[in-house]
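This report refers to the structure that appears directly beneath it.
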Amino acid sequence: MLTLNSFRLPLLGQDRSPLMLGGMGTNISTAELVLALEKLGGIANLSDAMLMEVSDRLFGTRFTAQKAKRYASERDNHDKSAELFDLSQVREATMRYVSDVMSRATGKGLVLINCMEKLTMNSGVDALATRLNAALDAGIQGITLSAGLHLSSFKLMEQNPRFRDAALGIIVSSSRALNLFLRRSASTNRLPDYVVVEGPLAGGHLGFGMDWAEQRLENILRDVKNFLAEKGLNIPVIAAGGIFTGGEATKLLDEGLADGIQAATRFAVTQESGLTDMAKQAFFNSKPEDIEVNHLSPTGYPMRMLRQSPAITSDIRPNCEAYGYLLSHGECSYLKEWRERHAAMDAGEEPGEKVKCCLCTHMRNYKVWTCGATTSRLNETSVRTSSGEWILPTAEDVYSDYMNSTGTHIELPKAAKEYLKTAGAAPSQPSFGSVAPAASAAAGS
């Protein structure tokens, strides 16, 4: 019987594992998570979101503190145009982070980095060029272009010595977006090495409007495949968004709709993930009605998250002086909304409705619990102990299940199986919600 392991994904001149880890930020796709999958022969994306802050936490640098001090006098200034990142420090943070990860890679898989165009950092193209080229110079094996059309990104890397050696891919949600990207990149005489087609059930920012529920991943994949065939282009297509089991992944590949899949939700709750334990447990305990798509993000994109996310009800002051990763020409939609709300309150008037959040601050503090539409199915993948805590899988547990399971089967993590043995119950054959109740009963919870 076919499994995901029956297929290979051609990339950088080799046939590789068809499973790619999505780049979850801020530092949720940690070095430990990415390297665990790379060691198994997988393809894994780091995230380059807020790398100066990540560098401060991991390596003891002080990029964030220095920026906050430099612009402290601008705190009450409505116009944040003057609050610029030191691009030499942006480069240094990226180089330090990527170099450290690459020094620990085994060479068995691929380490990529997810680069969001919407991370404008108050200097748009210049900041994007710095981030892209620093990652290449630090030895990253590939870059996945996300959160935007990236119409200039290939041009920004064209002069880099590794522009034609590294694996470069683009995330799209339609053939139209892919066509725009290819047309604008044509002058570089360089095609993407892969295309990630992200459907409406993905976590985090979505490439759709609020009509996302009317879309289907299979239809978009078919459209993109047909578009590439019409253009005579042989570019691997990777399906993403809502692919929860190995059986579901295998079906897409077997039907020729995709050449590989990208997964994130199930890896977000692994032991190696940078998500907080509180958020991981909330993911496991979530119900379908707990998952919402809202306009909380200042980027303009709808975003899927748990409605219990602490960021949703927060009304903190914007932290542009320290962060400001989403500023564009000195403005951000949360900054504008916060000013207007608090001006009304100061005048004794009723403030307007709170719609946006300070995404930089809340992502840094892991208070935006972005998640995929299938998050409420996580209780099918593990067991809950007598204390009420869910047993977290390892990255290897999840990778192995995706690669080797068939049909609707979900293999329990090794630690969960051991727990069931200790609790006096034999592991069941988990399938579509059957695990959690049986395991909970066995554990006496």
Side-chain angles (χ1 to χ4, degrees), residues 11-12 20 22-23 45 47-49 87 90 94 112-137 140-199 202 204-209 215 220-241 258-259 262 299-302 325-329:
L11 199 57
L12 290 184
M20 176 184 287
N45 278 281
S47 169
D48 87 333
L87 294 184
V90 173
T94 304
L112 315 179
I113 194 165
N114 182 288
C115 182
M116 297 187 293
E117 187 177 44
K118 279 293 186 178
L119 212 65
T120 45
M121 299 173 69
N122 220 11
S123 61
V125 172
D126 290 338
L128 181 60
T130 299
R131 291 154 52 210
L132 291 169
N133 286 287
L136 289 175
D137 293 343
I140 201 70
Q141 291 171 290
I143 299 176
T144 302
L145 304 173
S146 69
L149 293 173
H150 285 275
L151 301 182
S152 65
S153 290
F154 268 24
K155 196 72 177 175
L156 296 177
M157 295 183 280
E158 188 177 19
Q159 300 306 312
N160 193 292
R162 298 195 57 237
F163 175 59
R164 300 187 187 278
D165 300 329
L168 303 179
I170 175 81
I171 296 180
V172 299
S173 294
S174 68
S175 60
R176 179 180 176 275
L178 177 58
N179 186 38
L180 286 171
F181 172 78
L182 292 175
R183 285 169 55 192
R184 290 292 293 270
S185 302
S187 64
T188 66
N189 295 312
R190 192 347 176 155
L191 291 170
D193 297 287
Y194 58 95
V195 175
V196 178
V197 175
E198 190 171 86
H205 290 105
L206 303 180
F208 304 90
Q215 313 298 324
I220 304 169
L221 286 168
R222 193 174 290 110
D223 188 44
V224 168
K225 278 279 191 177
N226 290 339
F227 167 79
L228 291 173
E230 290 169 4
K231 296 292 184 181
L233 299 176
N234 186 25
I235 302 174
V237 172
I238 299 169
D259 304 287
Q262 178 175 282
T299 64
Y301 286 115
Y325 287 87
L326 294 179
L327 285 176
S328 180
H329 305 291

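You'll find the side chain of I171 reaches within 4.5 Å of the side chain of N114, heavy atoms only. Residues L178 and V197 have side chains not in contact (no heavy-atom distance under 4.5 Å, counting atoms from C-beta outward). Two residues are said to be in side-chain contact when any heavy atoms from C-beta on lie closer than 4.5 Å; D259 and Y194 fail this criterion. Using a 4.5 Å cut-off on side-chain heavy atoms (C-beta onward), M157 and L168 make contact. No side-chain heavy atom of F181 sits under 4.5 Å from any side-chain heavy atom of V195.
In terms of heavy-atom proximity, C115 sits nearest to I143 at CB-CG2, 4.1 Å. Contact record, M121 with A127: CB-CB, 3.9 Å, taken as the closest heavy-atom pair. The heavy-atom pair separating P192 from L182 by the smallest distance is CD-CD2, 3.6 Å. The two atoms that bring I113 and S47 nearest to each other are CG1-C, 4.1 Å, heavy atoms only. Of all heavy-atom pairs between G148 and I170, the closest is O-CD1, 4.5 Å. Taking all atoms of both residues into account, the shortest heavy-atom contact from Q262 to I238 is N-CG2, 3.5 Å.
With N45 contributing its side chain and G22 its backbone, the two residues share no donor-acceptor pair below 3.5 Å. A donor-acceptor pair is defined here as one N or O able to donate and one able to accept, closer than 3.5 Å; no such pair exists between the side chain of N122 and the backbone of Y325. The main-chain N or O of L327 is found under 3.5 Å from a side-chain atom of T120 such that the two form a donor-acceptor pair. Side chain of S152 to backbone of K155: no donor-acceptor contact under 3.5 angstrom is found. Side chain of R190 to backbone of E158: no donor-acceptor contact under 3.5 angstrom is found. Between the S173 side chain and the E198 main chain, a donor and an acceptor come within less than 3.5 Å of each other.
Within the model, atoms CG of L128 and NE2 of H150 stand 6.5 Å from one another, a figure rounded to the nearest 0.5 Å. Separation of atoms CG (L206) and CD (Q215) is listed at 11.0 Å; rounding is to 0.5 Å. With rounding to the nearest 0.5 angstrom, the CG atom of L180 is 10.0 Å from the OG atom of S185. Note that CZ of R176 is 14.0 Å distant from CD1 of I220, once rounded to the nearest 0.5 Å. Within the model, atoms CG of D193 and CD1 of I235 stand 8.5 Å from one another, a figure rounded to the nearest 0.5 Å. How far CG of N179 is from CZ of F227: 4.0 Å, rounded to the nearest 0.5 Å.
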How far apart are the C-alpha atoms of L145 and L132, what are their side-chain angles, what is the distance that settles it, and do they pass the side chain to side chain contact (heavy atoms under 4.5 Å, CB included) test? CA-CA 9 Å; L145 304 173; L132 291 169; 3.8 Å; yes

Could you walk me through whether T299 and M116 pass the side chain to side chain contact (heavy atoms under 4.5 Å, CB included) test, one step at a time? CA-CA 11 Å; T299 64; M116 297 187 293; over 6 Å; no

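Other residues, nucleotides and ligands contribute over 12 non-hydrogen atoms within 6.0 Å of the CZ atom of R164. Counting heavy atoms of neighbouring residues, nucleotides and ligands inside a 6.0 Å radius, atom CZ of R184 does not exceed 12 of them.
Sorted by first and then second residue, the salt bridge (Lys or Arg N to Asp or Glu O under 4.0 Å) pairs involving residues 116-132 (not counting sequence neighbours) are D48-R131.
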